[in-house]
Amino acid sequence: MATSFSSTNPVRSIFRPHQNPTKPLFPLRESFHGGSNYVKRSWTSASSYVTLKLPRAFTVSGRPLLSKGLLHRRMGIVRAATIEEIEAEKAAVEKDVKDRMEKTIENVRSNFNSIRTGRASPAMLDKIEVEYYGSPVSLKSIAQISTPDAGSLLVQPYDKSSLKAIEKAIVSSDLGMTPNNDGELIRLSIPQLTSDRRKELTKVVAKQAEEGKVALRNIRRDALKAYEKLEKEKKLSEDNVKDLSSDLQKLTDEYMKKVDTIQKQKEKELLTV
């Protein structure tokens with residue numbers, strides 16, 4: 001008949017203990033301090049009892065939370081990294097990934113906005129930098145930019161002495177627009193794009209989109225290295241890393257689709273006459 005054993009009650013050996021048990025050469029006493037995250041074992045020379053108490057949160061979804069090599073011995077005390085510590089490190093990696101991917105999407109969108117279409121938009125001047133008192137500054141930080149109609153832009157500087165520098169910066173850019181400086185503000189007329197020019201700009205958009213995707217892949221690579229480092233430090237098991245890598249790939253694919261979406265939107269603007 002099968003016998004039921006409790007993990008919290010001592011288990012007596014089925015063999016009768018010697019009256020004078022031999023003292024083991026290496027008696028072992030191990031303890032975990034700190035509630036449910038610790039294991040307690042007591043092996044003594046004066047008893048045939050072995051007590052083993054496992055932590056309540058030792059597994060998650062049937063898988064070991066901590067890898068075998070996680071326990072560190074020091075002065076008779078064995079300590080494992082807590083669930084909170086491991087979760088904090090995982091959360092830090094995930095936050096860094098999302099922040100950097102969001103920034104990549106914003107950079108791609110900003111680059112697309114600076115490519116002119118047939119309609120005037122203040123965003124077309126986002127990439128213009130002006131030499132202002134010896135330092136390069138963005139045009140939109142020293143001037144008000146407006147669109148009086150669909151075919152022109154008005155640039156009104158807060159400091160009129162910067163008009164010449166603004167005019168020079170626009171001429172030196174790759175916008176292909178000639179500024180009209182009347183001493184008070186600068187007017188820019190948006191020329192209609194030819195069919196060939198639209199196709200050229202579409203290629204520029206495709207190139208910038210691919211650069212954005214490369215940046216996303218690099219972010220994914222850095223995150224994988226961070227997870228591998230945690231595995232080497234025995235803070236994550238191999239299964240943990242596989243699950244996290246799978247989630248990371250799904251997140252990367254999601255941001256790749258965002259790049260594709262804004263790329264298609266920009267190409268539609270360029271090809272619509």
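All heavy atoms count here, side chains included; hydrogens, waters and symmetry mates do not.
- One finds the NZ atom of Lys199 at 10.0 Å from the OG1 atom of Thr194 (value rounded to the nearest 0.5 Å).
- At distances below 3.5 Å, at least one donor-acceptor pair connects side-chain atoms of Asn111 with backbone N or O atoms of Asn107.
- Distance alone, capped at 3.5 Å, places no donor-acceptor pair between the Ser246 side chain and the Lys242 backbone.
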Ignoring hydrogens and angles, write down the donor-acceptor pairs under 3.5 Å from the side chains of residues 140-149, residues two or more places apart or on other chains.
residue	atom	partner	partner atom	Å
Ser141	OG	Ser138	O	2.6
Ser141	OG	Ser138	OG	3.3
Asp149	OD1	Gly151	N	2.8
Asp149	OD1	Ser152	N	3.0
Asp149	OD1	Ser152	OG	2.8
Asp149	OD2	Ser152	OG	3.0

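- Two residues are said to be in side-chain contact when any heavy atoms from C-beta on lie closer than 4.5 Å; Lys160 and Glu184 meet this criterion.
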Trace of the side chain to side chain donor-acceptor pair (under 3.5 Å) decision for Asp239 with Ser237: CA-CA 5 Å; Asp239 286 337; Ser237 69; 5.2 Å; no

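- No chain of hydrophobic side-chain contacts below 4.5 Å, direct or via other Ile, Leu, Val, Met, Phe, Trp or Tyr residues, connects Ile170 to Leu154.
- Atom CZ of Arg220 is separated from atom OG1 of Thr252 by 6.0 Å, given to the nearest 0.5 angstrom.
- Going from atom CG of Leu248 over to atom CG of Asp243 covers 12.5 Å, rounded to the nearest 0.5 Å.
- Between Glu269 and Lys266, at least one side-chain N (NZ, or NE/NH1/NH2) sits under 4.0 Å from a carboxylate O, which counts as a salt bridge.
- Distance alone, capped at 3.5 Å, is enough to place a donor-acceptor pair between the Arg198 side chain and the Leu270 backbone.
- Within the model, atoms CZ of Arg100 and CD1 of Ile219 stand 4.5 Å from one another, a figure rounded to the nearest 0.5 Å.
- Tracing side-chain contacts under 4.5 Å through hydrophobic residues (I, L, V, M, F, W, Y), one never reaches Leu153 starting from Tyr158; they form parts of separate clusters.
- Interatomic distance, Lys90 NZ to Tyr227 OH, rounded to the nearest 0.5 Å: 8.0 Å.
- Contact detail for Glu131 and Pro136: the closest heavy-atom pair is OE1-N, 4.2 Å.
- For the atom pair CD of Gln249 and CG of Asp253, the computed distance is 4.5 Å after rounding to the nearest 0.5 Å.
- Screening Ile166, Asn113, Val155 against Leu125 for a side-chain contact (heavy atoms from CB on, under 4.5 Å) leaves a single residue, Val155.
- Using a 4.5 Å cut-off on side-chain heavy atoms (C-beta onward), Glu102 and Asp99 make no contact.
- Of all the heavy atoms in Val93 and Ala226, the pair that sits closest is CG2-CB, 4.0 Å.
- By the salt bridge (charged side-chain N to carboxylate O under 4.0 Å, His left out) test, Glu200 is found to be paired with Arg197, residues two or more places apart in sequence or in another chain being considered.
- Residue Leu185 is not grouped with residue Leu188 when hydrophobic side chains (ILVMFWY) are merged at heavy-atom distances under 4.5 angstrom, including chains of intermediate members.
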From CA spacing to verdict: salt bridge (charged side-chain N to carboxylate O under 4.0 Å, His left out), Glu267, Lys264: CA-CA 5 Å; Glu267 289 175 345; Lys264 291 177 181 178; over 6 Å; no

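- Under a hydrophobic clustering in which Ile, Leu, Val, Met, Phe, Trp and Tyr are joined whenever their side-chain heavy atoms come within less than 4.5 Å, directly or via other members, Leu224 and Val97 fall into the same cluster.
- We find that Glu94 and Lys98 are not joined by a salt bridge, their nearest charged nitrogen and carboxylate oxygen being 4.0 Å or further apart.
- The side chain to side chain donor-acceptor pair (under 3.5 Å) with Asn181 is formed by just one residue from the set Arg187, Lys164, Glu167; it is Glu167.
- Met256 is listed as a side-chain neighbour of Arg217, based on a closest heavy-atom distance under 4.5 Å.
- Tyr255 places none of its side-chain heavy atoms less than 4.5 Å from the side chain of Lys213.
- A donor-acceptor contact shorter than 3.5 Å is absent between the side chain of Ser172 and the backbone of Ala169.
- In summary, Lys207 and Glu210 do not engage in a salt bridge, as defined by a charged side-chain N under 4.0 Å from a carboxylate O.
- Using a 4.5 Å heavy-atom threshold, the side chains of Met124 and Met177 count as touching.
- Pairing each heavy atom of Gly183 with each of Leu163, the nearest pair is O-CD1, 3.2 Å.
- Linking ILVMFWY residues whenever their side-chain heavy atoms come closer than 4.5 Å, directly or via other members, places Val259 and Leu251 in the same cluster.
- Salt bridge annotation for Arg109-Glu106: present, with a cationic side-chain nitrogen under 4.0 angstrom from a carboxylate oxygen.
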